[in-house]
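The structure under discussion appears below in the form of structure tokens.
First the proteins, then the strands, lettered A, B, ... as listed; each starts at 1.
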Number of protein chains: 2
Amino acid sequence: MNGAATRARIIDAADQLFYRHGYEHTSFAVIADAVQISRGNFYHHFKSKDHILGAVIEARLAATRQLLDQWETEDADPAGRIKKFIHIVVANQVDIQNYGCPVGTLTAELAKLDHPSRAAATSLFTLYREWLRDQFALLGHADRADALAMHVLAFSQGIATLSNAFRDEELVQREVQQLCDWLSFLLP
Amino acid sequence: MNGAATRARIIDAADQLFYRHGYEHTSFAVIADAVQISRGNFYHHFKSKDHILGAVIEARLAATRQLLDQWETEDADPAGRIKKFIHIVVANQVDIQNYGCPVGTLTAELAKLDHPSRAAATSLFTLYREWLRDQFALLGHADRADALAMHVLAFSQGIATLSNAFRDEELVQREVQQLCDWLSFLLP
DNA sequence: GACACCTTAGGACGGTCGCCCTAATGTGTC
DNA sequence: GACACATTAGGGCGACCGTCCTAAGGTGTC
């Protein structure tokens with residue numbers, strides 16, 4: 001098999017497993033099982049588990065950039081784009097109920113581990129933050145665009161955490177609706 | 001030394017370590033070092049690491065109940081009590097910046113580990129939820145008291161997550177102020 | 001002082017971890 | 001077919017994991 005393809009499959013499997021069971025709890029053996037290659041073979045593709053994590057974060061960054069770009073072309077209205085972001089927690093409700101927010105839980109875990117990739121994981125948040133900030137600036141709130149962006153980000157994280165803890169679907173619907181209402185008041 | 005005292009010291013040290021470095025990442029050896037007892041000695045006090053976790057959660061539940069009771073006696077105004085809760089993220093800002101919310105991060109980790117004590121950890125959230133619900137009911141919002149309680153809870157979690165990710169003090173101040181303003185609109 | 005019992009020390013156990021090596025196999029080029 | 005190189009299989013390495021055992025030490029009662 002092509003080496004690059006195997007590498008991509010490792011990243012993909014590791015991404016899923018890191019998300020579902022946490023970075024530390026995911027062992028080489030489990031990833032190897034998922035990709036159906038031998039354990040020792042990893043060394044050829046990645047020098048260490050940390051390097052796999054680095055590649056996973058990089059892949060997520062690329063995927064996130066693509067998603068945000070796609071939203072830019074799909075929706076001409078900045079407010080509509082923000083709503084698309086807000087509705088992530090609804091679209092991914094099942095996963096979030098089971099495993100929490102992929103970004104929030106990863107940064108939290110890496111912070112506790114004092115892991116070198118902590119900053120890289122935070123940059124995933126920054127991607128959303130700056131994108132949201134741009135949208136709010138377009139809506140005429142350039143002076144407090146960053147604060148508004150962080151407000152939206154914070155509520156998404158809060159909803160994700162409680163959705164995961166209580167497995168409460170109604171809560172998600174209700175809070176999302178509330179945040180969309182709040183957004184409407186900001187429109188020109 | 002008194003056995004009960006040693007047991008209490010184990011719980012206390014484990015609580016700190018679980019919070020700062022995560023449950024799974026905290027080994028027997030590290031706890032033993034912190035308490036200054038031998039590794040194998042744990043078996044006399046706790047059958048397994050899971051039992052230590054159980055005891056830690058129980059201790060946190062007791063401490064939380066005591067805190068909430070104290071607030072009830074300290075402040076006769078339900079709105080004032082809610083503000084006390086909101087300001088937890090300010091009072092514990094340093095710890096939260098470094099390690100996140102003790103409840104939120106624990107439930108998230110246990111969810112990923114599919115750990116038996118997951119439900120027990122969630123009951124820590126429930127404690128706050130029901131207390132907040134009671135406060136909002138006292139304020140004359142019995143019909144939607146639970147939704148309001150969850151709103152405040154979600155906010156706290158979101159702030160804690162972002163505070164931990166970005167280490168941004170200003171963000172905390174700003175969002176807390178905003179939520180207090182929101183609370184003022186609900187007052188009779 | 002004798003005794004029972006609570007508490008502790010220290011280490012062995014089977015297992016798994018992340019990591020690393022070597023030999024074999026596949027693949028493309030000439 | 002010969003060769004160079006990319007990829008893989010399989011397993012060993014030392015370290016550490018959570019658990020469990022035994023023997024020693026401490027403490028209180030009579």
Rounded distance (Å) that lies between atom [atom2] of [N] and atom [atom1] of [X]:
{"X": "A/Asn41", "N": "D/dG10", "atom1": "CG", "atom2": "P", "result": "10 Å"}
{"X": "A/Arg7", "N": "D/dT7", "atom1": "CZ", "atom2": "P", "result": "11 Å"}
{"X": "A/Ile10", "N": "C/dG18", "atom1": "CD1", "atom2": "P", "result": "14 Å"}
{"X": "A/Leu53", "N": "C/dG18", "atom1": "CG", "atom2": "P", "result": "13 Å"}
{"X": "B/Glu24", "N": "C/dG18", "atom1": "CD", "atom2": "P", "result": "10 Å"}
{"X": "B/Asp50", "N": "D/dT19", "atom1": "CG", "atom2": "C1'", "result": "12 Å"}
{"X": "B/Tyr23", "N": "D/dC17", "atom1": "OH", "atom2": "P", "result": "14 Å"}
{"X": "B/Gln36", "N": "C/dT7", "atom1": "CD", "atom2": "C1'", "result": "17 Å"}

Worksheet item: Does D/dC20 have OP1 or OP2 sitting under 4.0 Å from an N or O in the side chain of B/His44?
Response: no
Worksheet item: Under 4.0 Å between a side-chain N or O of A/Thr6 and OP1 or OP2 of D/dT7?
Response: no
Discussion item. Applying side chain to side chain donor-acceptor pair (under 3.5 Å) as the test, list every pair that has at least one member in residues 166-175 of chain A; sequence neighbours left out.
Written reply: A/Asn98-A/Arg167, A/Glu175-B/His151
Item to complete: Only pairs at least two apart or in different chains count here, so list each side chain to side chain donor-acceptor pair (under 3.5 Å) that has a residue in residues 179-188 of chain A.
Response: A/Gln177-A/Asp181
Worksheet item: Under 6.0 Å from the six-membered ring centre of B/Phe166 and within 45° of its axis: does the NZ or CZ of A/Arg129 meet both?
Response: yes
Worksheet item: Any cation-pi pair here, B/Lys112 with A/Phe18, using under 6.0 Å and within 45°?
Response: no
Closest to the [X] side chain, choosing from [options]:
{"X": "B/Ala29", "options": "C/dC17, D/dA9, D/dC17", "result": "D/dC17"}
{"X": "B/Ser38", "options": "C/dG10, C/dC19, C/dC20", "result": "C/dG10"}
{"X": "A/Ser27", "options": "C/dG18, D/dA6, D/dA9", "result": "C/dG18"}

Discussion item. What contact category does A/Phe28 fall into here, base, sugar-phosphate, or nothing, at under 4.0 angstrom with non-hydrogen atoms?
Written reply: sugar-phosphate
Item to complete: State plainly whether the residues B/Lys84 and B/Glu74 are in salt-bridge range, i.e. N to O under 4.0 Å.
Response: yes
Discussion item. Please compare A/Val30 and A/Phe42 by the position of their nearest nucleotide in DNA chain C and report the one closer to 5'.
Written reply: A/Val30
